[in-house]
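Take a look at the structure set out below.
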2 protein chains.
Amino acid sequence: MLHLSRLRTLHELARLGTVGAVARSLSYSPSAVSQQLAQLEKETGTSLTEQVGRRLVLTDAGRVLAEHAAVLLEGVERAESDLAATRPALSGVLRVASFQSVMLSLIPPALTVLSAEHPDLQIEVHQREVEPAYEGLLAHEFDLVLGEEYPGLDEPHRPGVQREPLLEDPLLLAVPSSGPWCDPEGIEDLADASWTADPETVMPGVWVRNHLRGLGVEPRVRFETIDLLLQAHLVRSGHAVAIIPGLVAREHLGSARLLELAGAPRRRVHTAVRSGRRDHPATRALRTALAEAAASLDSAVPPKLS
Amino acid sequence: MLHLSRLRTLHELARLGTVGAVARSLSYSPSAVSQQLAQLEKETGTSLTEQVGRRLVLTDAGRVLAEHAAVLLEGVERAESDLAATRPALSGVLRVASFQSVMLSLIPPALTVLSAEHPDLQIEVHQREVEPAYEGLLAHEFDLVLGEEYPGLDEPHRPGVQREPLLEDPLLLAVPSSGPWCDPEGIEDLADASWTADPETVMPGVWVRNHLRGLGVEPRVRFETIDLLLQAHLVRSGHAVAIIPGLVAREHLGSARLLELAGAPRRRVHTAVRSGRRDHPATRALRTALAEAAASLDSAVPPKLS
DNA sequence: ACCGACCATTCAGCAACGCTTCACGATATC
DNA sequence: GATATCGTGAAGCGTTGCTGAATGGTCGGT
C-alpha cells in the first residue's frame, strides 16, 4: 500500500529539486529522504529518480507519480477540512504569515473578532514577506498567508495554492508637513528630494522605482528599508518623501501630508491557502474576519497631486 | 500524517459494517482493525465510530472521512494505473472473476490474443457468480470482473465501480432434437415439459421463471442447477428443455434445436473494474481482447418460435 | 431466563519498520 | 587541487503496529 508520507516526500522533491532541501522542509535527515524514495521505487517497481550530476531529478514516471501525489495530498487536506467542519467549535492552531502593513492594520482587529467568536482557536501570526510566506505555505509551515501584488507585477500562479482577494490598497505619496517638499505642484518637484523606499530586491521596491521612472522621476533613494514604519517615521520627521500604502499611511504618518498619485495606483492584497484547505472552517473564519476588518477601514481619499 | 492503510480500513468498515468483516477482508485480526480505528480517531481528534448494540457504526464525522477515503483510495489506484502506463510493456498479475458462460466462450480466445501481445502479463481467472465477483472486486481480490444483467433485472450501481458493456447475448429456447418437445408450435406446448434452470437464488433462475410466467407457462423445473453445461447436456440428451444463453448454446448443444423466443430477450454482459483502474493498461488490454473475442462470435440467428 | 455465539476492545509481547548517525564516493565551485 | 555540497549505504535503535489471549457486552435460540 502506497504510503502518503512517502508520496509527500516525492512531491517535495518535485517542488524543491534536491534531497537536502526536501529533508530540511520535512525535518528529516537526507538519508531518510533517500531511503523513502528508494522504498517508493521498490513498491512501485518503477525507477522514479535519476542522478544527474550531483542532483536528483525525476524521471517521467516520477513526475507522473509526483503529480498524483499533489492531488492526493490536496485530497487529504480536504478530508481534514471537512472533518473539522463536523466539529461544533473551531479549535487548534492556525498559523498565519503576513507582511508588515497588514499585520499592523488588519490582523489585530480581525483577531479580536475571531477570538471572541472562537475562543478555542489559537492563531499564530508570523511576519514574512510574500515570497517566504508562500514558501512556508507550501512547506506546511503556515496555513494561511497574506500576499500583495503591485500594478503590473502580478504574482505567478502557484499550483496547489488558492487565492482570494482581500482589498485594494491605494499607494499614496507621503511628504513632510513642512520643508522644501511639503507642497509639490507635481511629481517632478520631488526629483531632487530624498526618497525612502524598499530595496530593489523586493517587489514593492521594484515597483516604486519603475513607477516613478514612468512619471519621469528618477528617485534618489537615501533611506532603503523594507520597514514601512521606519519609512513613515522618516517622512513624518521631514527627512524624506515616500510612496506609502494606505494601510500604513492611515495611522502612522502623523501630520505628514498624503497626496493621491496620478492614475491612483493600488496594490492588491489577497489571502492564500493550500487548495485543500479552502473550505476549512478556520480558513473561512479568518478570511471573513479579515474582510470585515478591511471593510471597516476609513476610506477617505486624500487630495490629488496636481 | 493521515495513513492510507488506516483510511482503507475505515472505508472497508463503511462498506462492510463490522470490525470482523473488515478484518477478514483485509487479512488482519479484529484487534488490529480496532486499533487502527482508535489510532485514526486519535489522529483526527474526532470520534469516528460509535458502538450500537454489538455493532460498530460510523458517526457523521466517520462517514465524512470514509467518503474522502474512498476518493483517495481511488486516486491511489489511478496513480498506480498511470504509473503502469509509463512502463513500455505490461507485466504483473491481473486477477479476473467470470461466470461460467463467459469463462467458457470469451475468456480463452481473449487470453490467447493477450498472451501473444503481452507475454509478461499473467492472468488468473476465477469462476464466480456476479455477486461474489463484485464483492471480490471491492475487496481487491480481483481486478476485473464479468457481470451480467437479465432483462428487467438491472444490477444496482455500486459506488467505486466502473462498468463497460461487452456484448448482448440472446437467451434462446433449447429443445431436444427428438421426442415430445422437439417441435413446439408455441411456448405453451412446453407447459408440461421437464425444465432445467438455475435455482431461484440467483438472478438467471429468477428471470427464467418470471419470463416464462409472463408467457403463460409455469415451468416444471425438474433439474435445478447453476451449471449451464449440465443444463445443455440434459437438453442434448432429451431429458429437458431450457433457456440457454447464446454463448453456451453456440457450441455445447450438439444436435439439440434452438429457437428464438418471442421478443428476442437478451442478457447484457459487461466488464467492471474499480473506478481507479479504469485507465490501467492491463484493464484496457483485457477489455479490448474480450471485445474482439465477442465480435468474432458466430452471430447466426436461430429460427423464431411461432 | 439462560446459554452460546458473536462482536468489539484491551493488554502484553514481539517482529518489522523507519528513523538517525556516521562514513563514503561523486560532483561542482573557488 | 582543495573544499563544500550532494546523494547513498550500513549499523543501530526507538517506535510502530501487528498477533494472540482475555474481557465485557449484546443478541438470538431453546
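Here is how names work: the chains are called A, B, and so on, in the same order as the sequence lines, proteins then strands, and each is numbered from 1.
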**Request:** Mind running salt bridge (charged side-chain N to carboxylate O under 4.0 Å, His left out) on B:E43 and B:R6 for me, showing each step along the way?
**Result:** CA-CA 11 Å; B:E43 281 173 357; B:R6 287 199 263 269; 2.7 Å; yes
**Message:** Assess the residue pair A:E67 and A:R63 against the criterion (salt bridge (charged side-chain N to carboxylate O under 4.0 Å, His left out)); give the C-alpha distance rounded to whole Å, side-chain angles, the decisive distance to 0.1 Å, and a yes or no.
**Reply:** CA-CA 6 Å; A:E67 191 51 49; A:R63 268 187 296 276; over 6 Å; no
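Side chain of B:E50 to backbone of B:V57: no donor-acceptor contact under 3.5 angstrom is found. Without hydrogens or angle criteria, B:E41 side chain to B:L48 main chain gives a donor-acceptor distance under 3.5 Å. Side-chain atoms of A:S98 do not come within 3.5 Å of backbone N or O of A:Q127 as any donor-acceptor pair. Between the side chain of B:R274 and the backbone N or O of B:L137 there is at least one donor-acceptor pair closer than 3.5 Å. Side-chain atoms of B:Q100 come within 3.5 Å of backbone N or O of B:L228 as a donor-acceptor pair. Judged by distance alone, the side chain of B:H280 and the main-chain N or O of B:A282 form a donor-acceptor pair under 3.5 Å.
Annotation: the terminal axes of the helix from C:dA1-D:dT30 to C:dC30-D:dG1 meet at 30°, where each axis is the rotation carrying the C1' atoms of four end pairs onto the next four (5 pairs per end, rounded to 10°).
A salt bridge does not link A:E77 with A:R278: every distance from a Lys NZ or Arg NE/NH1/NH2 to an Asp or Glu carboxylate oxygen is 4.0 Å or more.
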**Message:** Using a 4.0 Å heavy-atom cut-off to protein, can you give one letter per nucleotide of nucleotides 15-28 of chain D, 5' to 3': B if the base is in contact, S if only the sugar-phosphate is, - if neither?
**Reply:** --SBBB-----BB-
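Between A:R55 atom CZ and D:dA4 atom P there is a gap of 19 Å when expressed in whole angstrom units.
Protein chain A touches strand DNA chain C; the 5'-most and 3'-most nucleotides with an atom under 4.0 angstrom of its non-hydrogen atoms are C:dG18 to C:dA28.
Cation-pi geometry between B:R158 and B:Y134 is met: under 6.0 angstrom from the ring centre, within 45 degrees of the axis.
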